[in-house]
Number of protein chains: 2
Amino acid sequence: MTTIYDVAKLARVSAKTVSRVLNESHLVAEETRQRVLEAIEKLDYHPNVIAASLKRNRSNMIGFVVPYGSEFVFQDPNMMEQLRGTHDYVSAAGFELIVSVPRHKEDALQEALRLTKNRNVDGVILYPSYGIDQIIKEFQAKNLRYVTLGICFDQQKSNFVEVDQTPGSYFATQHLISLGHRRIGLLNKSASFFMYNRNDLLEGYVQALKEAGIAYIPSLVREGNFTFEDGYEQFMSLYKEHPDITAVICASDPMTYGLIRAIFDLGLNLDDIQVVAGDNLPLTQKLFPHLSSITNPSYEQGRQAGRMIVSIVNEGRGEVPGIILNTEFVARSMHSVVNR
Amino acid sequence: MTTIYDVAKLARVSAKTVSRVLNESHLVAEETRQRVLEAIEKLDYHPNVIAASLKRNRSNMIGFVVPYGSEFVFQDPNMMEQLRGTHDYVSAAGFELIVSVPRHKEDALQEALRLTKNRNVDGVILYPSYGIDQIIKEFQAKNLRYVTLGICFDQQKSNFVEVDQTPGSYFATQHLISLGHRRIGLLNKSASFFMYNRNDLLEGYVQALKEAGIAYIPSLVREGNFTFEDGYEQFMSLYKEHPDITAVICASDPMTYGLIRAIFDLGLNLDDIQVVAGDNLPLTQKLFPHLSSITNPSYEQGRQAGRMIVSIVNEGRGEVPGIILNTEFVARSMHSVVNR
DNA sequence: TTGAAAGCGCTAACAC
DNA sequence: GTGTTAGCGCTTTCAA
């Protein structure tokens, strides 16, 4: 196996000079540099990054740790968008991305700690889930690098990238009201996903209703865990209780698919119930091009988390201010109630 | 930072004994072992995997390298299923998984070589794409570890996990024929995806037609790159040329979605055109529960590739026999032509 | 069953 | 602009 010393010998310089050419070329005389580069080329030399990592105490790897199990993660298009955003940023910044989905979701946080403490990675991106406040305290106490996708605990001021869904649901509700809808359902995310966060989707919905002078009826709001199945079942139950419902806003695209399937199974179609999709994913736009949608900046969220962890690692900072991204609303349909 | 020496000192043993407790506990007296474990606990010691990697010349990381760009990869449900299969196997075997999607697809193979030569990873899982024969030769010459998802070149006998799509398309075609269909379209994968492989989807289709005494009409077969857009456009063009078509078989689920969208946009529905989906992905089953489908063992393919690369790395073998997985066909619909 | 010493391949200090 | 020396934290002879 060819090492830096083989290159040094062939180029008639010291190992350190080879190292300089590799890492800080500008500190080396051009002539020497060329000789070294030739030797590298001739020997097909590839620096051993593991050795460099040991010396530098830096692995140039970032961990992406998610709970919920692999069948959820890799099949959830939003999580894939987040992962994609992180991958793109982090790899452009010269880091490798380690994706880790622990077997049991309870292990996720320990896994993140393990990756970091073992110096496998320079920092991790994490999902808030049960028990994370303790883990974050440990990260902070030990000065380990982390960023969370969402807020972990009350008063958290730093190291998070959150999405505020208030604007999306507010404008969606407003739009539906302007089309004449009065009985508007909301398939909300479930309370267990809020962590210490406010119930933003509901807030936007309630505010828009209030401004229009429409009574807020709690039973028009159902909760689910972002899945197809929840979307299906919650709408079935919602429709049973409120057969006069004319529009529904969804918290996620998978829920939207479940809702649409339920609509078809009830013998209805998308003209009977006005649906607002939850994420505005490419696939949803293609499959159901006429659906209005809340947009969810998943890719950007992952990307920002990547940017944040890279800057934390590169600049040695322990904390950087948290970021809040906003949802938007895209109107695509003009079906009003009276037109039906 | 606490090292193995700190633990050794506290436990009043040598560093090597601590190392033994960590790696080969059985060679240490139980009493000593307990003392060491206590010290590890007390100091919250976490072995530095980078240092161990350097010494062992083994990183315990596997690379998963794909061409096509991140917006394709992370949005393609089949690739995610493969990734999931690889992740699950590889992480259960004690490896970390590095996911790498080069910016430009032309860089993918160099990226795989780089990861391996730099000792970032112990082995890589690769997609065959243009120019891979050369790269594989380099892997073989330098005795580097790799597995390909599909066959790279003529006569390749080892280190691949391939899927043979003949059975799926054969049974799908047979099924449609038994329902009375005679004009059956095939939205095939494009020739550039075959590599040195045979055109298996077409083979199964042609054979079933032949056995039923139905003429094979080449213009009923269209090609696409597995995408929604290709499914949409190819069916539009197919239907224009063959308005008497009554059934279509798809090479992938994304193409199936495009096809279905095209059917709707033409003012037809799923009773007019009998559709056979391409992959039998969970989402497809949920969205279109009545669709018959070819099954594509993507998860298993990824898993087997993981198993293969792990055994290559662990047992130091350069080559293991290739594996060929089969597609199947799941009949879910009984719409015959005469019933319409 | 345990330990001492050497060294994996690189880079940071410090010389020159 | 370049080289020498030491050492990152672990594991591997080899000896006791």
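Here is how names work: the chains are called A, B, and so on, in the same order as the sequence lines, proteins then strands, and each is numbered from 1. Owing to the predicted nature of the structure, the values given are computational and were not obtained by experimental measurement.
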Choose from D:dT2, D:dG9, C:dA12 the nucleotide whose nearest atom is closest to any side-chain atom of A:K55.
C:dA12
Side chain of B:N23, backbone of B:R20: donor and acceptor closer than 3.5 Å?
no
Using the side-chain hydrogen bond (donor to acceptor under 3.5 Å, both in side chains) rule, take A:Q134 and A:E138 through it: C-alpha gap first, then chi angles, then the decisive distance, then the call.
CA-CA 6 Å; A:Q134 274 316 108; A:E138 194 163 348; over 6 Å; no
Give one of base, sugar-phosphate or nothing for A:V49, where a contact means two heavy atoms less than 4.0 Å apart.
nothing
d(CZ, A:R58; C1', D:dG9) in whole Å:
19 Å
Quick one: does A:S53's side chain have a donor or acceptor within less than 3.5 Å of a partner on A:V49's backbone?
yes
Please tell me whether A:E106 and A:Y130 have a donor and an acceptor in their side chains that are separated by less than 3.5 angstrom.
no
Is there a donor N/O on one and an acceptor N/O on the other, under 3.5 Å, for the side chain of A:R33 and the base of D:dG1?
no
Among the candidates D:dT11, D:dC10, C:dG9, find the nucleotide nearest to the side-chain atoms of A:T3.
C:dG9
Taken to the nearest whole Å, CZ/B:R35 to C1'/C:dT1 is 12 Å
Between C1' of C:dT2 and CG of B:N23, the distance in whole Å:
16 Å
B:N57 CG to D:dG9 P, in whole Å, measures 20 Å
Tell me the interatomic distance from B:K9, atom NZ, to C:dG3, atom C1', rounded to whole angstroms.
17 Å
Testing A:T86, A:V121, A:V90, A:I309 one by one against A:F95 for a side chain to side chain contact (heavy atoms under 4.5 Å, CB included), which residue passes?
A:V90
Report yes if at least one side-chain N or O of B:S19 is closer than 4.0 Å to OP1 or OP2 of D:dC10; otherwise report no.
no
Between the side chains of A:E300 and A:Q304, does any donor sit under 3.5 Å from an acceptor?
yes
Of the candidates C:dT1, D:dG9, D:dT4, the side chain of B:A29 sits closest to C:dT1
Ignoring backbone atoms, establish whether B:Y5 has a side-chain N or O less than 4.0 Å from OP1 or OP2 of D:dC8.
no
With nearest nucleotides of DNA chain C determined for B:R12 and B:R56 from heavy-atom distances, which residue corresponds to the more 5′ nucleotide?
B:R12
With the side chain defined as heavy atoms from C-beta on, B:I4 is closest, among D:dG1, C:dC10, D:dT11, to D:dT11
Nearest whole angstrom, please: distance from the C1' of C:dT11 to the CD1 of B:I50.
15 Å
Between A:T32 and D:dG1, is there a side-chain N or O to OP1/OP2 distance below 4.0 Å?
no
Rounded to whole angstroms, how far apart are CD on B:E31 and C1' on C:dT2?
13 Å
From NE2 of B:H26 over to C1' of C:dT2, roughly how many Å is that when rounded to an integer?
15 Å
Taking only side-chain nitrogens and oxygens of A:N48, does any of them come within less than 4.0 Å of OP1 or OP2 of C:dC8?
no
Answer yes or no: side-chain N or O of A:R119 and base N or O of D:dG9 forming a donor-acceptor pair under 3.5 Å.
no
Looking at the side chain of B:L54, which of C:dA12, D:dT2, C:dC8 is the nearest nucleotide?
C:dC8
Which nucleotide wins on minimum distance to the side chain of B:V28, given the candidates C:dT2, D:dT11, C:dT11?
C:dT2
Of the nucleotides C:dC10, D:dT2, D:dC10, which has the atom closest to the A:T17 side chain?
D:dT2
Both A:E24 and B:R20 contact DNA chain C. Taking the nearest nucleotide for each, which residue is further toward the 5' end?
B:R20
